[in-house]
Amino acid sequence: MVRTRVAPSPTGDPHVGTGYMALFSYCYAKAHGGEFLLRIEDTDVARSTQQSEEVILASLKWLGLDWDEGPDIGGPKGPYRQSERLPIYQAHVQQLVDAGHAFHCFCTRERLDEMRKQQIASGETARYDGACAGLSQSEVDANLAKGLPSVVRMKVPETGICVIQDRLRGDIEIDYSQIDMQVLQKADGFPTYHLAVVVDDHLMEITHIIRGEEWINSAPKHQLLYEYFGWSMPELIHMPLLRNPDKSKLSKRKNPTSIRYYKDMGFMPEAVVNYLGMLGWSLPSGEEKFPLSDMVANFDISRISMGAPVFDVEKLKWLNGRWLRETLDDDALADRLVEWALNRDKLLEIIPLIKERVEVFSDVAPLAAFLLEGLPEISVESFAKLKTPPETTLKILQFSLWQLEQVTAWQSSDLQARLKHLADIMDVKIRDLLGPLFIALSGRPVAPPLFDSMQVLGPDMTRARIRAAIEVLGGVSKKQTKKLDAEYRGLGHKK
RNA sequence: GUCCCCUUCGUCUAGAGGCCUAGGACUCCAGGUUUUCAUCCUGGCAACAGGGGUUCGACUCCCCUAGGGGACGCCA
């Protein structure tokens, strides 16, 4: 029985890259009559949120990638949320320590930072130097008794070559000297990804791991753990990474990466999933428009091309246009539009914002238009009337964006508090701070109250519009970003 | 810096040694249909990174170089 999984970390927006890996995992399983499961990798306590998990699940469902087992529906191999499996990991870590495959490490972060700096400076691969690997049992016991904070690291052979087999790339050889003595259990008792993924994939009987190319370098660690435990290794399939138009790894700075953004923009899920399938894979017939069911029916892993594809929104738009025109009759399109935004619930969100400004019904459309738009058409001139000088305008937009990226609840009142705080620490009037945002978000000189509008627009659309505005104003270079970032951090400390 | 992966039009891709005068799609340009726009139709621009091999024959196989990307966290 083929079993695949997608294992997102609930630490942010539902990323299209997650959808991409989920799609290929789904297709592989279904094409072999197997099962596809969803596991939540929330071992990073500080960054994982319930909110994020919910949005990720909803987004994958929106794409039509249904799982057979998962945290929401359960299954025979649960729980499917790693934070609920702690005793399992701790027992396995103990097993490795007892067998001498892992050891306690008491090194401080300062020492580790210093060590890595020196290694990189002298041209070596940065990795743990093994200081604590040689500690005697009595020393370890003494340290533990004293309550010194510690982690558990895996042992790695000092010499030799590790060969990992990738279904798409064949054998990949990595020298053991390149592999770090990875931390398996953090000081807080939680496992790291590397330990949890191996234990869970085995216990959940995953047969094929489909994941991004970024994981190739840590595959030897995983393979080693499988060997230590005496388990057989699932087949590895490393997919190419999605990229920005400038060829770097797809990132929200340069491209909308949240699945929710595409939903809010009014893309059809069929088109989005079709487009993801078209990146790196093709139907033998060459037909570019295909439903998920056709992809499953024709799925052949050897048809995956390994060059990392650029995520091209233009082509996605074209594809969506085809889906809309060719598969929706007028009746179905009407249903879709209602489902998307033209519904009573949405109207009830919008009406409070515009009611006082409306005299006749026909005033509604122009007033509310910006709440249903994609990216408003703005130019440098749009910002010309502001009191703030251009440089400050740009700074306000960038700082606001950073501030808004921290917001998880996305309520009007929270947004207001955030931006008020920003205005305070920047020492500018709130109305001057809001000016640039007003234009970025509405594209108009007048519009309903900003915070309420932001709430209606939602986090993805709000951030996308601010990013677009920053681009319109010439963008922020890497160098500028660094400078602004320093200034931004400085602000926080003054107050 | 060290290691790993990748490399066909600007972009997504077809191509499993002769079928390649390298095909399709997006974008762009030109023309047609359309009261406008869009759709639709027709046509056009545009690529095998470079150099060595192997072979009767390389886009396809091997090596080197270059370029791009990724990894090097008590993040995943």
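The analysis underlying the following values was restricted to heavy atoms, covering all of them including side chains, and did not include hydrogens, waters or symmetry mates. Computed from a prediction, not measured in an experiment: that's the story for all the values here. In what follows, chains are A, B, ... by sequence order, proteins preceding strands, each numbered from 1.
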Where do A:Glu69 and A:Lys77 land on the salt bridge (Lys or Arg N to Asp or Glu O under 4.0 Å) test, with the steps shown first?
CA-CA 8 Å; A:Glu69 297 167 30; A:Lys77 307 289 178 189; over 6 Å; no
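Residue contacts for A:Cys162: at a heavy-atom cut-off of 4.0 Å it reaches no nucleic acid atom on any strand shown. When heavy atoms are screened at a 4.0 angstrom cut-off, A:Thr43 is found touching the sugar-phosphate backbone but no base atom. A:Glu288 comes within 4.0 angstrom of a nucleotide base, judged by non-hydrogen atoms across all strands. Contacts of A:Gln178 with the nucleic acid, taken as non-hydrogen atoms under 4.0 Å apart, involve only primed sugar atoms and P, OP1 or OP2. Contact annotation for A:Gln185: no contact, since no heavy-atom pair falls under 4.0 Å across all strands. Residue contacts shown for A:Trp281 are absent, as no nucleic acid heavy atom lies under 4.0 Å away. If you check every strand for non-hydrogen atoms under 4.0 Å, A:Arg127 touches nothing. A:Gly307 comes within 4.0 angstrom of sugar-phosphate atoms only, judged by non-hydrogen atoms across all strands, and of no base. Residue contacts for A:Gly280: at a heavy-atom cut-off of 4.0 Å it reaches the sugar-phosphate backbone alone, with no base atom in range. Here A:Arg322 lies out of heavy-atom contact (under 4.0 Å) with every strand. Backbone-only contact: A:Val183 has heavy atoms under 4.0 Å from sugar-phosphate atoms and none from a base.
No side-chain heavy atom of A:Val273 sits under 4.5 Å from any side-chain heavy atom of A:Met295. By the 4.5 Å heavy-atom criterion applied to side chains, A:Phe190 and A:Asp44 are not counted as neighbours.
For the pair A:Arg153 and A:Tyr128, the cation sits on the ring face: its NZ or CZ lies under 6.0 Å from the ring centre, inside 45° of the axis.
Between A:Asp485 and A:Arg489 there is a salt bridge, since at least one side-chain N of the basic residue sits less than 4.0 Å from a carboxylate O of the acidic one.
Side chains of A:Asp175 and A:Ser177: a donor on one and an acceptor on the other come within 3.5 Å. With hydrogens and angles left out, the side-chain atoms of A:Arg303 and A:Ser282 include a donor and acceptor closer than 3.5 Å.
Paired with A:Trp281 under the rule ring-ring contact (aromatic ring centres under 6.0 Å, His included), one option of A:Phe24, A:Phe290, A:Tyr20, A:Tyr28 passes, and it is A:Phe290.
Mapped onto RNA chain B by nearest heavy atom, A:His194 and A:Arg169 fall at different nucleotides, with A:Arg169 at the one closer to the 5' end. Where A:Val310 and A:Arg116 meet RNA chain B, the nucleotide closest to each residue was compared, and A:Val310 sits on the side nearer the 5' end.
Here, B:rG73 and B:rG68 have their P atoms 24 Å apart, quoted to the whole Å. For the C1' atoms, the distance linking B:rC48 with B:rG10 amounts to 16 Å, nearest Å. The gap from the P atom of B:rA25 to that of B:rC45 amounts to 14 Å, rounded to the nearest Å. Nucleotides B:rG17 and B:rU60, compared at atom P, are 12 Å apart to the nearest Å. Comparing the C1' positions of B:rA47 and B:rG24 gives an interatomic distance of 14 Å, to the nearest angstrom. Atom name C1', nucleotides B:rC59 and B:rG15: the rounded distance is 8 Å, in whole Å. With both ends at atom P, the span from B:rC3 to B:rA46 equals 41 Å, rounded to whole Å. Separation of the P atoms belonging to B:rG69 and B:rU42 is 39 Å when rounded to the nearest angstrom.
Heavy-atom contacts of chain A under 4.0 Å fall on RNA chain B between two terminal nucleotides, which in 5' to 3' order are B:rG1 to B:rA76.
The pairing partner recorded for B:rU2 is B:rA71, the criterion being a Watson-Crick or G-U wobble arrangement whose two distances lie under 3.5 angstrom. Of all nucleotides present, none satisfies the Watson-Crick or G-U wobble test against B:rA38 with each distance under 3.5 Å. B:rU7 and B:rA66 make up a base pair, with Watson-Crick or G-U wobble contacts both under 3.5 Å. Using the Watson-Crick or G-U wobble rule with both distances under 3.5 Å, B:rA14 pairs with nothing in any strand shown. Pairing for B:rU54 is absent, judged as Watson-Crick or G-U wobble with the two contacts each under 3.5 Å.
Remark: A:Leu203 CG to A:His92 NE2 distance equals 5.5 Å, nearest 0.5 Å.
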